[in-house]
Engineer: 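This structure is in structure tokens; I'll ask about it shortly.
So you know, we letter chains A, B, ... as the sequences are listed, proteins then strands, and number each from 1. We use all heavy atoms of the structure for the numbers below, so side chains are in, but hydrogens, waters and symmetry mates are not.
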2 protein chains.
Amino acid sequence: MPMEEPRWLDDRERAAWIGFLSATNLVSRKLEQQLKDDAALSHTQYEVLVQLSAAPDRSLRMTELAERLVTSKSGLTYQVTQLERAGLVARRSCPSDVRGVIAELTDRGMEVLREAAPGHVAAVRESLIDVLTPEQLDHLAAGLGEVSRRLRGCTPP
Amino acid sequence: MPMEEPRWLDDRERAAWIGFLSATNLVSRKLEQQLKDDAALSHTQYEVLVQLSAAPDRSLRMTELAERLVTSKSGLTYQVTQLERAGLVARRSCPSDVRGVIAELTDRGMEVLREAAPGHVAAVRESLIDVLTPEQLDHLAAGLGEVSRRLRGCTPP
DNA sequence: CCGGCTTGGTTCAAATTGGAATCAAGCCTC
DNA sequence: GAGGCTTGATTCCAATTTGAACCAAGCCGG
């Protein structure tokens, strides 16, 4: 095997990559912080509530939820258990598939989400949205949207 | 307190935010995977090696390193200990400050990094860089660069 | 209807993380 | 030069994350 020289990143590419790494870490840290302080929720937990609140019947199958959150199934099991203990989410069994488990947002969960949302949205604005011009925001959405689509599908050529 | 209605995200903003969340999770997951499989390193560990390899004397103070990686000091202590056990990094004491600890990349660490780098760069290209057009890449770099700068500095108005 | 493969979720153990507490050492100010 | 605040790093502990193993339960082809 010829051990080809890899295509290293040029300066522009490196800048984008570094920016991506820093920005994601910083934003993630900041939001985690804000949610913990203001709503006693982890970001993962908050996202569970958001997904459920937007779903029909305020409920989703575990697997579907795991895919949307881009997390492992076991990780989701853990977090849903936590949320269940806190009374924000309930587990129901799935009518169409005995094996299935449906997570459903409780009224209390809805209320907690409603209370947490304004502060969280403000933090999202402060750390990302309002930092950029509308054009920058659109470019960002286009680029990252493409990245997501590419990685979700099985990377077709 | 009047409890003002918060400024919710409009569709464009929401799209950007969703894209950001998905893309970061997916990319992070993919790279973590690739490094674990191909080089038996976590992404954090890889980044430690990268930072050290690029620093003068292949060495950096713990705090400086923690800031660059955007991680907690205790987390860094842990990872450096792991890397030290593996012989990839060594701890030295700092000449100018008795309290200081300097992490230094060993020859073995340099070698491991050299072996891991091509595969990692390829994965970075595949998941982010090569997915975008050069223009998109520049826009991305500009936007995320701004975000990073804003969050690193104490968010001046 | 019966093995055999895939799916849906949970359980388990191991690794990682992050914050608070700790401890030593630098840096002042008075 | 003594007391008091800040800094640098580690230790400790509780929470989280992940993959592997596992246990049903569906879904066939023969």
Engineer: What is the separation between atom CG on B:Leu60 and atom C1' on D:dA9, rounded to the nearest whole Å?
Structural biologist: 15 Å
Engineer: For B:Leu35 and D:dT18, give me the distance from atom CG to atom C1', rounded to whole Å.
Structural biologist: 16 Å
Engineer: When you get a sec, tell me which of C:dG9, D:dA9, D:dT16 is the closest nucleotide to the side chain of B:Arg61?
Structural biologist: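 So the nucleotide nearest the side chain must be D:dA9.
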Engineer: Mind checking whether B:His139 and A:His139 have parallel, tilted or perpendicular rings, split at 30° and 60°?
Structural biologist: parallel
Engineer: Could you list the residues that satisfy salt bridge (Lys or Arg N to Asp or Glu O under 4.0 Å) with B:Arg14, not counting sequence neighbours?
Structural biologist: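 Residues passing salt bridge (Lys or Arg N to Asp or Glu O under 4.0 Å) with B:Arg14: B:Asp11.
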Engineer: When you get a sec, tell me which of D:dT10, C:dG9, C:dT17 is the closest nucleotide to the side chain of B:Arg91?
Structural biologist: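 Output: D:dT10.
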Engineer: How many whole angstroms separate atom NZ of A:Lys36 from atom P of C:dA20?
Structural biologist: 12 Å
Engineer: Can you tell me the distance, in whole Å, between the CG atom of A:Leu41 and the C1' atom of D:dT16?
Structural biologist: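 My rounded result for the distance is 15 Å.
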Engineer: Between B:Arg91 and B:Thr81, do the side chains contain a donor N or O and an acceptor N or O under 3.5 Å apart?
Structural biologist: yes
Engineer: So which residues get pulled into B:Tyr78's cluster when ILVMFWY side chains under 4.5 Å apart are joined, directly or through others?
Structural biologist: none
Engineer: Regarding A:Arg92 and A:Glu104, does a basic nitrogen lie under 4.0 Å from an acidic carboxylate oxygen?
Structural biologist: yes
Engineer: From the options D:dA9, C:dT17, C:dT10, select the nucleotide whose nearest atom is closest to the side chain of B:Val101.
Structural biologist: D:dA9
Engineer: Between B:Lys73 (NZ) and C:dG19 (C1'), how many Å, whole number?
Structural biologist: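 Rounded to the whole Å, the gap is 12 Å.
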Engineer: Between atom OH in B:Tyr46 and atom P in C:dT16, what is the gap in whole Å?
Structural biologist: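 That distance rounds to 18 Å.
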Engineer: Measure across B:Leu49 and B:Leu41 and return the closest heavy-atom pair with its distance rounded to 0.1 Å.
Structural biologist: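 For B:Leu49 versus B:Leu41, the nearest heavy atoms are CD1-CD1, 4.0 Å.
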Engineer: Starting at atom CG of B:Leu76, determine the distance to atom C1' of C:dT17, rounded to an integer number of angstrom.
Structural biologist: 12 Å
Engineer: Quickly work out the A:Arg85 CZ to D:dA15 C1' distance and round it to whole Å.
Structural biologist: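 Answer to the nearest Å: 12 Å.
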Engineer: Tell me whether the OP1 or OP2 atom of D:dT17 has a side-chain N or O from A:Gln79 closer than 4.0 Å.
Structural biologist: yes
Engineer: With the threshold set at 4.0 Å, does a side-chain nitrogen-carboxylate oxygen contact exist between A:Arg149 and A:Glu146?
Structural biologist: yes
Engineer: Looking across every strand, which nucleic acid part, if any, lies under 4.0 Å from B:Thr81 by heavy atom: base, sugar-phosphate, or nothing?
Structural biologist: nothing
Engineer: Look at the side-chain N and O atoms of B:Thr63 and state whether any lies under 4.0 Å from the OP1 or OP2 oxygen of D:dA9.
Structural biologist: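 The answer is yes; a side-chain N or O of B:Thr63 sits under 4.0 Å from OP1 or OP2.
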Engineer: For each nucleotide in nucleotides 19-27 of chain D, reading 5' to 3', give B when a protein heavy atom comes within less than 4.0 Å of its base, S when such contact involves only the sugar-phosphate, and - otherwise.
Structural biologist: B-----BS-
Engineer: At under 4.0 Å, does any side-chain N or O of B:Thr71 touch on OP1 or OP2 of C:dG18?
Structural biologist: yes
Engineer: Would one find a side-chain N or O of A:Gln82 under 4.0 angstrom from OP1 or OP2 of D:dA15?
Structural biologist: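 No, because none of the side-chain N or O atoms of A:Gln82 sits under 4.0 Å from OP1 or OP2 of D:dA15.
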Engineer: Looking only at side-chain N and O atoms, does B:Ser42 come under 4.0 Å of OP1 or OP2 in C:dA15?
Structural biologist: no
